[in-house]
Structures are given as C-alpha cells and as structure tokens.
**Student:** 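This is the structure, below, for whatever I ask next.
None of the values given here were measured: they were computed from a predicted structure. So that the names make sense, note that chain A is the first sequence line, chain B the second, and so on, each numbered from 1.
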Amino acid sequence: MSIRLEHVDYIYEDNSNQKNYALKDVNLEINPGEFIGIAGHTGSGKSTLIQHFNGLMQPTNGNVYFDGKNIYENDFDLRGLRGKVGICFQYPEHQLFEVTILDDVCFGPMNFGKTREEAEIIAKKALLDVGMSEEMLQKSPFELSGGQKRRVAIAGILAMEPEYFILDEPTAGLDPVGRGQILNLLKRLHETKKMTIIFVSHSMEDVASYVQRMIVMNHGEVLFDGDKREVFSHQKELEEVGLSVPFYRYLAEDLNQRGFTVSKDILTMEEAKEAILKVLRKKR
Amino acid sequence: MSILQVKNLVHKYITVGDSEEDKQEVTAIDDIDISVEKGEFIAILGKNGSGKSSLAKHINGLLMPTEGAVYVKGMDTRDKRNLLNIRQNAGIVFQNPDNQIVGTIVEEDVAFGPENMGMPVEDIWDRVTSALEGVGMTAYKEASPNHLSGGQKQRIAIAGIMAMEPECIILDEPTAMLDPKGRRHVLSLVKALNREKKITMLMVTHHMEEVLLADRIIVMDHGRIAMDGTPKEVFSKVDEMKQLGLEVPYAAELAWQLRQEGVPLSETITTREELVEELCQFV
Ligand SMILES: Nc1ncnc2c1ncn2[C@@H]1O[C@H](COP(=O)(O)OP(=O)(O)OP(=O)(O)O)[C@@H](O)[C@H]1O
Ligand SMILES: [Mg+2]
C-alpha cells in the first residue's frame, strides 16, 4: 500500500523549443500514515510533483504506482484514485465556483456518489473544522476575504474524505489562528483517522513543528528526503537553495556562540523553551 | 498635511440574493480614522475578514465609502474627477503574482500605467527604465513575465506602480505566495523604496517577522482599529495580541513564554539579537 514514483521525469518545452526538466529522475515512496512536508524554492517542482500523486500530470518518463498498480495501465481506475488522493491547490480562488459555500463543498462528495443529504452533513462538518462559521455557509464564495476562500477550498477536499490529503501551501494568506487551526486539523486527521498528510510549505517553522519526514526539491530533483531533524542539520545546503532552517535553530546557534550552551538540534518553540530553562535552572 | 486621511470610514457590502428578503449587509469597515504622514511605513495586521483588503481598496478608489471619506493628498476619492490623479499617487499590489501582469513582455507591462495616463512616449521609456532599475529587474526587461518566479513577478508589479512615480504604495499581502528568498527580495525592495525614495508604504501582512520592518502598526479587528503604535509598543502587548487572534514575532513569543516561567526578560524584545543579548546576561 503506497504511492510510488519510479524514475519520474517531467519534461516541458518552452517558447524556444528548449527542453526543460520540471522533474528529473524522482524516486519516492509515500506510505500510508506518514506526515510529510515538502519544501523548495519557487519553480523547484513541488506543484508538478504533487500532481503526479493522483495522475493529474503524467510523467514524460518513468512510472507511478498506487498500491503496486501502474496508474497508467488501461484497466486502472484513475477516477477512483482521485477520490482517494485529494489535492488542495495553491490558488484557492481558482477552485471555487458554486453558488454558495455549502454547495461548493458538497460538490466533491456528490460527485463521488453521496446523496445531497449525506453530502451536506459531511460538508458542514468540514467547513466547521476549517474554522468557518454556520452563518457563512449560504454565502457566495465570491463574497469572501482571501483567508476565508482558502479555508473553503481546504474544506472542499476534506469533504471527499481522502486517504491521502495533499495541500499546496495550505496556510498562505491565513491569519495566525487560522494557520494553527488548519495545521492542528491536519495533525488530528493524521492521528485519529490515520490519514496520510503531505503539505507544501515555505515556513520552515511549520514544517519543523508538524511533520516527521521532509522532502526538499531543487531544480526538479529531490535534494533531501528523510527525517526532519536529519534534513535540517544541512543548514548550509538549505540556505544555498534559497531555504532556511527554523528560527529556533538559528537562535540555538547564536546562543552557543555566546557561551550559552544548548543543543544545536533545536527546531521548535517548545524545544527552545525547555533547553533555555534547563540552563537557567542549573545556574540558580 | 497628511498624505492620506481616512475619516469616519464605513463600508458595507450589500449582497442581493434571489429575492429582496435575501438582501444582506456586511459591515466590513466600521467607522475608522487614520492619518498617514508622508514617508511612513505602516504594517496593517488583523484576522481574516477583519477588513484589511477593504480598507486598502478604498485608498486608491477601487471601493467607495458607504459613509465617511478618504482623502489622498487632500483629494476626495468620491469625486470621480480625482480618480486618475489618485491612482497615479497611490498604487496597489495584490497577493497573487499571476493576476497582476498585463503585458507579454516585462517592459510593456511596466509601461502600461504611464501609457494609460497619456504620457509622451519618450517620458514613458525613461520611467520604465528607471522603475526596472529601481526594482533590480533591468536584466529581464525583454523577458516574458510567464517565465518569471513569483518574487520576480511581484517586483515587476511594483515597477509598474513605480513608473507612475506615486507617493504611496499599498501592498496587500505581497509575499503570501512567495518562497523565503522571493519574500526577502520583495521586502528589501519595499524597505529601500521607503528609505531612499521616501515613498509611503502601507503593507498588509500575516507575517509578524515582516512587520518589524515598519515604523508603525495598525491592527484591525471586526472592521475597527484595535491598536495603532510602533512595533515595540504593539508587540509588547502579547496578551492583547493573542486575544485579537494574532501572534507576535518568534523572539517576542519565546520571551513571553520564558517570562511566564519567571525569567526576567524585558517586554520590548522583538528580535533574535535582543533575546540572545538578554539571555546571555544570565550566564
Ligand atoms: N465582494 C464582497 N462582497 C461581500 N462581502 C465581502 C466582499 N469582500 C469581502 N467581504 C466581506 O467583508 C469582510 C472584510 O473582508 P476583507 O477582504 O476586507 O478582509 P481581510 O482583512 O482582507 O481578510 P484576509 O486576511 O482574509 O484577506 C469579510 O467579512 C468578508 O466576508
Ligand atoms: Mg485581504
């Protein structure tokens, strides 16, 4: 059981007929129950990569397998796959088109065979889970603020109850409370429903706080793929490709340089707080 | 005279449904007053739906007040005859880099604004050249915008506004879609234009670290102004910020957490350097 990419290239031609690799020899396996963060500079291939996970984009070379079956073999049920692997895209406004917010979120489940009544129950729950309020459900998606649109788009995929929930920059444009709500929702889905979560993020702090495994893309290739601690230990390489390590890791480095000795491997606020308190308690 | 004055501004969105009874009103801006001096760099914070974008759109006349008024260099935005002049003086950059580019070549895109103003051709090219130089994109002047990164597109959008030689630029979450490097580039450009060219900046953002660049912060809540002060003033009120559903910069948050545990750190800490400095006093 997994999504597996084998030697995947995705090649496109630009105006001058030059061949460009959006993905180059990508080999990855996503196992059920994982919580994964994907990072990389703009144009590094993150969005192209995730669209290969449910067959929205087809590799130029190489293969994609779902539960061991090649998804481009004739008898493969691609439509069914899209129900199991849900992707929420970067620009939510491109995904909203129905008359009311509730209709919009009902669309997915109904498209996959639920009745209107069943769909409404699922949709309402999904909308409340992403922090929308009851009185907003009958509004038009076009009357929403930027952050509200983003939440509705996430609810739309959530309502399909996917096995693999993939989100491209889910927290862009969300306020701090909204960001926490969405990330904690993902954590809860991962823990209680055993949903596999993959999210693309530019925030190293968010990645560090939530995921186990981190994949770093660079010019279409997988630069790092592994445990987040291991990946964040490559500070110099990450900076070279336009990324960074979490704020707290820089803080630990500065403290150490000034003789305030804490572990270098600090990734989150909680870890930083504990480490600093430990030093101070010893002093007293 | 203030470059920008917002007086008792109220904005209500009216949505009409299928019938008259479906008609609904949303008060997005609820009686606010702001006055901005030339050369200020203001960050606007607030929860989703608190009215930030609605406010931004009033400043260059994309939205009209339901009540109250907005004056740009003394010009009332409600007077149609002022609109061209107002838009030349106050340009707006939005979040999505893909929706703002109109030209098929970078130069053309930047020239679009001045062309629309009916400027003489020679002047237009002078302005385009210096605007592209100003945003550090001269090398791309003949490129197709489609092939640029998000951060580069935002710089082009800013160049398009710079070519109008405005006194004020409004940026509505200009970095939300950018990677860390693109974000740094756009922010350093915004800061430089403010410092060197004295362009007044109003920037909406959800990133507390970015806010530290500003001289002044306005916090919105439910269409009203909840706080207005310097970054140090605003971020020292951690509890209040949390109540408004907002955060403070990482260093301020960690200092707050440590204060809760009895570590005597000052409330004015907002940067990593300040936090490290104070912590090192203890060892
Ligand atoms: N075109 C519209 N029609 C009706 N209501 C709208 C419209 N645009 C915004 N609103 C409503 O007005 C309020 C303020 O929205 P606004 O877009 O100004 O918020 P914001 O602070 O920019 O939020 P965000 O951080 O999510 O971008 C919200 O309640 C929103 O639902
Ligand atoms: Mg907005």
Side-chain angles (χ1 to χ4, degrees), chain A residues 14-15 39-44 46 90-91 93 131 136 138-140 142-151 169 171-180 202-205 239 241-244 246-248 250-251 254-255 257-261 269-270 272-273 276-277 279-281 283-284, chain B residues 13 15 17 22 24 26 28 45-54 94-96 98-99 144 146-152 172-173 176-184 206-209 241-242 244-247 249-251 253-254 257-258 261-263 272-273 275-277 279-280 282-283:
Chain A
D14 65 15
N15 295 351
H41 59 83
T42 327
S44 61
K46 304 180 300 288
Q90 197 172 4
Y91 295 112
E93 61 270 33
M136 303 215 65
Q138 296 303 329
K139 280 195 164 202
S140 151
F142 303 100
E143 291 166 13
L144 299 179
S145 78
Q148 291 161 341
K149 279 185 193 156
R150 159 96 34 200
R151 290 172 206 237
E169 286 232 49
T171 61
L174 288 188
D175 60 31
V177 169
R179 205 167 68 231
H202 289 316
S203 164
M204 299 302 129
E205 288 77 15
E239 285 170 353
V241 300
L243 300 178
S244 62
F247 173 88
Y248 307 99
Y250 287 115
L251 177 76
D254 287 1
L255 284 171
Q257 264 175 18
R258 298 281 305 268
F260 192 111
T261 315
M269 161 89 83
E270 284 69 34
K273 183 175 151 188
I276 291 168
L277 285 175
V279 172
L280 294 178
R281 281 190 191 120
K283 289 277 155 197
R284 268 181 227 161
Chain B
Y13 289 103
T15 59
D22 283 351
Q24 280 184 351
V26 177
L45 303 181
K47 278 192 298 213
N48 292 134
S50 59
K52 304 178 298 296
S53 298
S54 305
F94 294 102
Q95 182 184 79
N96 186 340
D98 293 323
N99 291 350
S144 151
N146 296 333
H147 295 162
L148 301 179
S149 73
Q152 289 170 330
D172 193 353
E173 299 190 50
M177 298 295 171
L178 306 184
D179 63 4
K181 198 165 143 203
R183 167 168 291 163
R184 278 198 301 275
H206 290 296
H207 289 264
M208 303 303 148
E209 305 293 316
M241 288 294 276
K242 286 183 192 247
L244 291 168
L246 297 175
E247 277 175 349
Y250 298 122
E253 170 73 23
L254 182 52
Q257 298 263 353
L258 291 168
E261 301 287 334
V263 183
R272 191 167 92 215
E273 291 71 28
L275 179 59
V276 169
E277 198 54 51
L279 280 173
C280 288
F282 300 130
V283 296

**Student:** Checking B/Glu277 against A/Arg258 for the side-chain contact (heavy atoms from CB on, under 4.5 Å) test, could you report, in this order, the C-alpha distance in whole Å, the side-chain angles of both residues, the deciding distance, and whether it holds?
**Tutor:** CA-CA 9 Å; B/Glu277 198 54 51; A/Arg258 298 281 305 268; 3.2 Å; yes
**Student:** Checking A/Ser145 against chain B: side chain, backbone, both or neither under 4.5 Å from a heavy atom?
**Tutor:** side chain
**Student:** Is it the backbone or the side chain of A/Leu251 that comes under 4.5 Å from a heavy atom of chain B, or both, or neither?
**Tutor:**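 Backbone plus side chain of A/Leu251, per the 4.5 Å heavy-atom cut-off to chain B.
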**Student:** Of the backbone (N, CA, C, O) and the side chain (C-beta and beyond), which part of A/Leu144 lies under 4.5 Å from a heavy atom of chain B, both, or neither?
**Tutor:** neither
**Student:** Would you give the length of the straight line joining atom CZ of A/Arg179 to atom CD of B/Glu247, rounded to the nearest 0.5 angstrom?
**Tutor:** 5.0 Å
**Student:** If you take all heavy atoms of A/Phe260 and B/Cys280, which pair is closest and at what distance?
**Tutor:** CB-SG, 4.3 Å
**Student:** As an exercise, state the distance from OG of A/Ser203 to CG of B/Asp179, rounded to the nearest 0.5 Å.
**Tutor:** 13.0 Å
**Student:** Donor-acceptor check, side chain of B/Asn48 to backbone of A/Gly173, threshold 3.5 angstrom: yes or no?
**Tutor:** yes
**Student:** For the OH atom of B/Tyr250 and the CD atom of A/Glu205, what is their distance to the nearest 0.5 Å?
**Tutor:** 3.5 Å
**Student:** For the candidates A/Thr171, A/Val177, A/Thr261, A/Thr42, which exhibits the highest count of non-hydrogen atom pairs separated by less than 4.5 Å from chain B?
**Tutor:** A/Thr42
**Student:** Run the side-chain contact (heavy atoms from CB on, under 4.5 Å) test on B/Val263 and A/Leu277 for me, step by step, so that the C-alpha distance in whole Å, both residues' side-chain angles and the decisive distance to 0.1 Å come before the verdict.
**Tutor:** CA-CA 8 Å; B/Val263 183; A/Leu277 285 175; 3.8 Å; yes
**Student:** Where on A/Tyr248 is there a heavy atom nearer than 4.5 Å to chain B: the side chain, the backbone, both, or neither?
**Tutor:** side chain
**Student:** Working to the nearest 0.5 Å, report the span between CG of A/Leu174 and NE2 of B/His206.
**Tutor:**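 So the CG of A/Leu174 and the NE2 of B/His206 are separated by 7.5 Å.
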**Student:** Any idea which of B/Leu45, B/Asp172, B/Asn146, B/Leu178 has the most non-hydrogen atom pairs under 4.5 angstrom with chain A?
**Tutor:**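 Ranked by heavy-atom pairs under 4.5 Å with chain A, first place is B/Leu178.
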